[in-house]
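Notes for the one structure printed next.
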Amino acid sequence: MTLHKVTHVIFDLDGLILDSEAIYEEIMMAMAHSHGKEYTPEVKLKILGTPENESARIFIKELNLPITIEQCLEEYYKKIAEKLTNPPFMPGAKKLIKHLANHKIPVAIATSSGRPPYDIKTQSHPEIFDLFLHVVCGTNNPEIKHGKPAPDIFLNCASKFPDNPDPQKVLVFEDSPNGIRAGMAAGMQTVFVPDKTVSKEMTKIATLSLNSLEDFKPEMFGLPPFKDEKKVIC
């Protein structure tokens with residue numbers, strides 16, 4: 001597949017920048033067990049990358065739980081506030097974000113997370129998250145009519161860059177199949193750093209698939225290569 005030069009970059013958050021998916025899985029497993037149910041890898045894969053309201057709907061439906069979406073989300077947000085105040089970064093994430101910012105490449109975040117959970121997860125690292133020009137949260141956002149795998153969130157996020165770039169000039173980084181499908185549907189090139197539950201076959205839908213952000217070579221998409229790391233923002 002031919003790779004094309006890009007000028008702007010959009011990142012997903014959970015499982016891509018922040019190593020939060022294991023904590024999310026722990027939360028969902030605990031919620032399932034409290035109702036005598038099991039949170040399986042199959043259910044997790046259906047939920048990955050979806051807005052929180054949709055995640056709750058899928059969770060309740062697949063596990064046949066006797067609770068409402070509102071009750072599910074109330075418990076979910078409570079556990080996030082307890083367990084996700086300072087998740088670690090994924091390998092290579094900080095280096096890549098700093099590198100792009102140092103070279104004046106416009107970067108933004110498009111996450112299915114709601115704004116309150118986003119603030120909880122990122123509050124300890126303003127030195128990284130202040131480098132992003134803007135953040136679009138998909139949950140409870142009237143501007144986002146349809147969540148991932150629909151393209152809405154990425155098109156909306158791209159439109160908020162001051163120069164409103166053509167989607168073909170935007171590169172999306174994602175860790176979920178739903179997110180990759182959304183980026184591709186938006187007409188953007190996509191880099192897939194998949195969750196461990198994603199099959200090899202499913203990674204083929206992306207423009208490029210990597211084991212880690214540490215493996216990313218910016219020059220493949222016409223971006224400044226990693227050279228003098230001493231000049232990178234720290």
Side-chain angles (χ1 to χ4, degrees), residues 11-85 87-91 93 109-114 116-118 120-121 137-140 144 146-150 153-154 172-185 190-206 209-213:
F11 290 83
D12 179 44
L13 179 67
D14 293 298
L16 191 280
I17 295 176
L18 294 178
D19 189 6
S20 51
E21 290 298 349
I23 303 173
Y24 275 118
E25 185 170 3
E26 177 186 326
I27 289 172
M28 302 304 280
M29 287 178 68
M31 290 174 62
H33 287 164
S34 70
H35 293 281
K37 304 288 185 175
E38 182 181 359
Y39 183 59
T40 65
E42 292 75 21
V43 176
K44 176 184 175 181
L45 195 57
K46 291 181 180 181
I47 286 175
L48 271 180
T50 60
E52 287 156 9
N53 290 342
E54 179 66 5
S55 297
R57 186 193 67 77
I58 295 170
F59 184 67
I60 292 168
K61 178 183 177 183
E62 293 294 324
L63 275 63
N64 193 26
L65 299 180
I67 57 175
T68 65
I69 289 176
E70 290 75 18
Q71 290 170 329
C72 181
L73 289 175
E74 181 180 0
E75 184 177 356
Y76 175 73
Y77 290 141
K78 180 180 178 181
K79 291 184 180 297
I80 285 178
E82 293 171 353
K83 297 178 178 292
L84 271 169
T85 55
F89 282 87
M90 293 294 287
I109 289 176
T111 172
S112 295
S113 177
Y118 171 87
I120 289 170
K121 289 176 283 190
C137 293
T139 296
N140 296 326
I144 311 301
H146 305 284
K148 302 172 186 177
I153 193 168
F154 288 120
V172 167
F173 284 90
E174 266 282 359
D175 73 303
S176 75
N178 283 325
I180 288 295
R181 292 189 184 100
M184 300 295 284
T190 56
V191 176
F192 199 0
V193 186
D195 180 270
K196 63 181 183 296
T197 58
V198 176
S199 68
K200 186 78 172 178
E201 186 66 25
M202 204 170 287
T203 65
K204 296 178 181 179
I205 63 177
S209 182
L210 303 173
N211 291 323
S212 167
L213 286 177

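The distance from atom CE of Met28 to atom NE2 of His33, rounded to the nearest 0.5 Å, is 12.0 Å. To the nearest 0.5 Å, the span separating CG on Asn64 from NE2 on His35 amounts to 11.5 Å. The CG atom of Leu48 lies 8.5 Å from the OG atom of Ser55; values are rounded to the nearest 0.5 Å. Going from atom CD1 of Ile67 over to atom CE of Met31 covers 5.5 Å, rounded to the nearest 0.5 Å. Atom CD1 of Ile23 and atom OG1 of Thr85 lie 8.5 Å apart (nearest 0.5 Å). Here the CD-OG1 distance, from Glu174 to Thr190, works out to 9.0 Å after rounding to the nearest 0.5 Å.
Not a single ring pair (Phe, Tyr, Trp, His ring centres under 6.0 Å) links Phe192 to another residue, sequence neighbours left out. Under the side-chain hydrogen bond (donor to acceptor under 3.5 Å, both in side chains) criterion, Asp195 pairs with Lys44, Thr197, sequence neighbours left out. Asp175 meets the salt bridge (charged side-chain N to carboxylate O under 4.0 Å, His left out) test with no other residue; sequence neighbours excluded. In terms of the side-chain hydrogen bond (donor to acceptor under 3.5 Å, both in side chains) criterion, residue partners of Ser113 (sequence neighbours excluded) are, by chain and number, Glu52, Lys121. Considering only residues two or more places apart in sequence or on other chains, Lys46 meets the side-chain hydrogen bond (donor to acceptor under 3.5 Å, both in side chains) condition with Glu62. For the salt bridge (charged side-chain N to carboxylate O under 4.0 Å, His left out) test, residues two or more places apart in sequence or in another chain that qualify with Glu201 are Lys204. With sequence neighbours excluded, the residues satisfying side chain to side chain contact (heavy atoms under 4.5 Å, CB included) with Pro91 are Ser212, Glu214. Looking at residues two or more places apart in sequence or on another chain, you find a side chain to side chain contact (heavy atoms under 4.5 Å, CB included) between Ser20 and Asp14, Leu18, Tyr24, Leu84, Pro87. Residues meeting the side-chain hydrogen bond (donor to acceptor under 3.5 Å, both in side chains) test with Glu26, sequence neighbours left out: Lys83. Here Ala110 pairs with Ile10, Ile153, Phe154, Cys157 under the side chain to side chain contact (heavy atoms under 4.5 Å, CB included) rule; sequence neighbours left out. Residues forming a side chain to side chain contact (heavy atoms under 4.5 Å, CB included) with Ala150 (at least two apart in sequence, or on another chain): His146, Asp152.
Taking every heavy atom of both residues into account, Leu63 and Ala32 meet most closely at CD2-CB, 3.4 Å.
Between Ile109 and Ile17 the shortest side-chain heavy-atom distance falls below 4.5 Å. Inter-residue side-chain proximity for Leu65 and Lys37 is flagged as met; some heavy-atom pair is nearer than 4.5 Å. Inter-residue side-chain proximity for Phe89 and Asp19 is flagged as unmet; no heavy-atom pair is nearer than 4.5 Å. No side-chain heavy atom of Val191 sits under 4.5 Å from any side-chain heavy atom of Val172. Between Phe59 and Tyr39, the closest side-chain pair of non-hydrogen atoms falls below 4.5 Å. Side-chain contact check for Arg181 versus Ile205: some heavy-atom pair is nearer than 4.5 Å.
For residues 66-79, no residue pair satisfies the salt bridge (Lys or Arg N to Asp or Glu O under 4.0 Å) rule, not counting sequence neighbours.
In this structure a side-chain-to-backbone donor-acceptor pair under 3.5 Å is missing from Thr111 to Cys137. Side chain of Thr139 to backbone of Pro51: no donor-acceptor contact under 3.5 angstrom is found.
Results of the side chain to side chain contact (heavy atoms under 4.5 Å, CB included) test with Met202 over Ser209, Ser176, Pro194, Pro177 single out Pro177 as the only residue that passes. None of Asn178, Thr50, Asp12 except one satisfies the side chain to side chain donor-acceptor pair (under 3.5 Å) rule with Lys148; the exception is Asp12.
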